[in-house]
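Shown next, in structure tokens, is the structure this report addresses.
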Amino acid sequence: MRTLAPFPLLAISLALLLVIAVGSRTAAAPATLEGEAREFVAAHDLDGINQFKFLSPDIVEAFPPGRSNAANDERLKKYPPASTDWKIEDAHFIYEGDHYAVQWIFQSKWKDNGSIQREATLAFGVVKGGKLVSWTEFFDDSVGELQHDGKMGTYTEKEEAYPWPAKPGMSRPYRTYDSNSVTWKNYPDLSVKLTP
Amino acid sequence: MKLPRFLSLLLLLLSLAATIPGHADALSRDEVVSLVTHMLKSWETGDVDSFSNAFNADAVFAYPGGRLSKPELTDMFKKYQLEKKDIKIYTGIFVVEGNRFSGQYQFAATDRTSGKRQAVGTAVTGVIKGGKLTIYKEYYDQHILNWQEEGKIPLDEGQVFPAPASITLGPERIN
């Protein structure tokens, strides 16, 4: 059997090189991420809408129009939404323990003029005991309004979710007041407070 | 003839070490969060190099309003610093899986001309390549900063939510 015995120092150095290479990869790479969130999403085949069937009674929710909970959700049931035919496309999930994040394109049809809105969303869920205990969505709600008014193009069918469509037909400066691209004045009622 | 044989073995081992997948790109969770947080915090200091160095040369930065290349992003950062002051970043939760991440933060700034302040809940998601950001997307609702600057809704600065923390979801914008 041939060995590296004639070159012990080099042999040891090579061995160390390999150990360092493999060891540094092991230390730097993220741990395998298994947990309740991944199992929860897989078990219920979640798509971004049907997770609302699995809310904990203690759910805490937050959306661009405001925060909510089970009592407030119940209050809102008497108000029909302004659009119909809701569906989710191109949902992509990442997981970390009890947390997950998902990005998708939401589509619905405005009831008043029949136009289609397609908005990209980034949402976060937290799962405990097989129920969703926290749900938070971020999106630019002006996208759907601008599409309703025929001022913005929509995402194409195969388009990846980005904050705005690839061809919106307009632009907006970064984090700067812009009354031209936010025209709807449906201000929130600040007197309504969340109750347990 | 032992030395050539040894050199061959040396090359083989070095090649094996070099081809271990993911070695160069893999960041730990803490490193991913640190990369993103450090980049965000550079908005507060105005350090354009610190901000720019977090992105790859071919990075795409997307926000509700457009998509920017790295040179465009760097120019925008410099211009924004001239237009705003007292920028504050409040970070929230992060979810990290491999080279992908999503996180929450609040961006607050005061317009130097109008003196109006905004504090807008934001979500970010992106992909890291070679230790730097290569795809970076920010989600926030333009209504929030518009209505804050109009004095219609509160700031609730320092609380990381999509809308100011004291606003309750009503029927006005369920669509």
Side-chain angles (χ1 to χ4, degrees), chain A residues 4 6-7 10 14 17-18 21-22 24-25 28-30 33 61-68 72 76 79 81-83 94-96 99-101 103 108 121-122 124 136-142 144 162-164 171-179 181-182 186-190 192-194, chain B residues 2 6 9-10 13-14 17 20 22-23 26-29 31 62-67 76 80 83 93 95-98 100 102 104 107 109 111 116 118 120-123 125 137-147 149 152-153 161-163 165-175:
Chain A
L4 295 175
F7 307 93
L10 281 173
L14 278 171
L17 177 66
L18 270 177
V22 173
S24 65
R25 174 176 177 256
L33 299 167
E61 299 162 290
F63 307 88
R67 296 169 69 189
S68 194
N72 193 58
L76 293 174
Y79 299 99
S83 69
I94 60 172
Y95 306 89
E96 188 175 27
H99 290 67
Y100 67 94
Q103 188 178 211
S108 71
T121 297
L122 178 57
F124 298 80
T136 306
E137 293 186 10
F138 293 81
F139 54 88
D140 181 11
D141 206 23
S142 71
Y162 269 74
W164 267 24
S171 64
R172 176 194 284 158
Y174 186 68
R175 298 187 186 277
T176 299
Y177 181 81
D178 179 22
S179 60
S181 64
V182 179
N186 42 357
Y187 302 118
D189 182 349
L190 299 177
V192 179
K193 303 298 178 191
L194 280 183
Chain B
K2 284 182 179 176
F6 172 76
L9 182 59
L10 173 68
L13 290 172
L14 286 173
I20 292 170
H23 172 58
L27 296 182
S28 69
R29 181 198 196 273
E31 287 170 331
Y63 69 97
R67 302 179 193 187
M76 183 273 281
Y80 199 85
E83 295 171 350
I93 69 157
V95 179
V96 181
E97 182 175 5
R100 296 179 178 272
S102 297
Q104 302 176 21
F107 184 105
D111 188 89
K116 305 286 188 183
Q118 58 171 285
V120 182
T122 304
T125 189
K137 307 175 188 178
E138 290 199 338
Y139 287 83
Y140 59 85
D141 185 3
Q142 180 75 18
H143 290 90
I144 305 300
L145 77 92
N146 264 37
W147 293 354
E149 295 205 11
K152 299 291 186 185
I153 60 174
F161 292 101
S166 60
I167 296 179
T168 299
L169 178 66
E172 303 86 2
R173 291 169 62 202
I174 297 180
N175 54 48

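All chains are named by letter (A, B, ...) in the order of the sequence lines, taking the proteins before the strands, and each is independently numbered beginning at 1.
Residue contact with chain B, scored on non-hydrogen atoms closer than 4.5 Å, involves the side chain of Thr136(A) exclusively. Interface remark: Ala165(B) contributes backbone and side-chain atoms alike to the contact with chain A (heavy atom separation under 4.5 Å). For Arg67(B), the part lying near chain A is the side chain, with the backbone staying farther off; criterion is any non-hydrogen pair under 4.5 Å. For a residue to count as touching a neighbouring chain, one of its non-hydrogen atoms must lie under 4.5 Å from one of that chain's; by this rule Thr176(A) touches chain B with backbone and side chain alike. Tyr80(B) touches chain A through its side chain: at least one heavy atom from C-beta onward sits under 4.5 Å away, while N, CA, C and O do not. Interface remark: Ser171(A) contributes backbone and side-chain atoms alike to the contact with chain B (heavy atom separation under 4.5 Å). For Glu61(A), no part lies near chain B; criterion is any non-hydrogen pair under 4.5 Å. In this structure, the portion of Tyr79(A) lying under 4.5 Å from any heavy atom of chain B is its side chain and not its backbone. The parts of Gln142(B) that come within reach of chain A are both its backbone and its side chain, each placing non-hydrogen atoms under 4.5 angstrom from that chain.
In this structure, the side-chain hydrogen bond (donor to acceptor under 3.5 Å, both in side chains) partners of Glu83(B), at least two apart in sequence or on a different chain, are Lys79(B). Applying the side-chain hydrogen bond (donor to acceptor under 3.5 Å, both in side chains) test to Tyr177(A) and every residue at least two apart in sequence or in another chain returns Glu150(B).
Contact record, Ala62(A) with Phe161(B): CB-CD2, 3.9 Å, taken as the closest heavy-atom pair. Minimum interatomic distance between Ile167(B) and Pro65(A) (heavy atoms only, all atoms of both residues): CG2-O, 3.4 Å. Pro64(A) and Ile144(B) get closest at one heavy-atom pair: O-CD1, 3.6 Å. Closest approach of Glu172(B) and Asn186(A) over heavy atoms only: O-ND2, 3.4 Å.
The greatest number of non-hydrogen atom pairs below 4.5 Å with chain B, out of Pro173(A), Pro163(A), Gly66(A), is found for Pro163(A). The most heavy-atom pairs under 4.5 Å with chain A, out of Ser166(B), Ser102(B), Ala123(B), come from Ala123(B). In terms of non-hydrogen atom pairs under 4.5 Å with chain B, the most contact-rich of Leu76(A), Asp140(A), Leu194(A) is Asp140(A). Heavy-atom pairs under 4.5 Å with chain A were tallied for Glu138(B), Glu149(B), Lys116(B); the largest tally goes to Glu138(B). Across Asp111(B), Thr122(B), Ile93(B), the residue that shares the most heavy-atom pairs under 4.5 angstrom with chain A is Thr122(B). Of the residues considered (Asp189(A), Asp141(A), Val192(A)), Asp141(A) shows the highest number of contacts with chain B, using heavy-atom pairs under 4.5 Å. Per-residue heavy-atom pair counts under 4.5 Å with chain A were compared for Thr125(B), Val95(B), Asn175(B), and the maximum is reached by Asn175(B). Your options are His99(A), Arg172(A), Lys193(A), Arg175(A), and the one with the most heavy-atom pairs under 4.5 Å with chain B is Arg175(A).
Side chains of Gln103(A) and Tyr139(B) form a contact here, defined as non-hydrogen atoms less than 4.5 Å apart. Side-chain atoms of Ile153(B) and Pro188(A), non-hydrogen and from C-beta on, do get closer than 4.5 Å to each other.
The NZ atom of Lys137(B) lies 4.5 Å from the OH atom of Tyr162(A); values are rounded to the nearest 0.5 Å.
Formation of a donor-acceptor pair under 3.5 Å by the Asn146(B) side chain with backbone atoms of Asp178(A) is found in this model.
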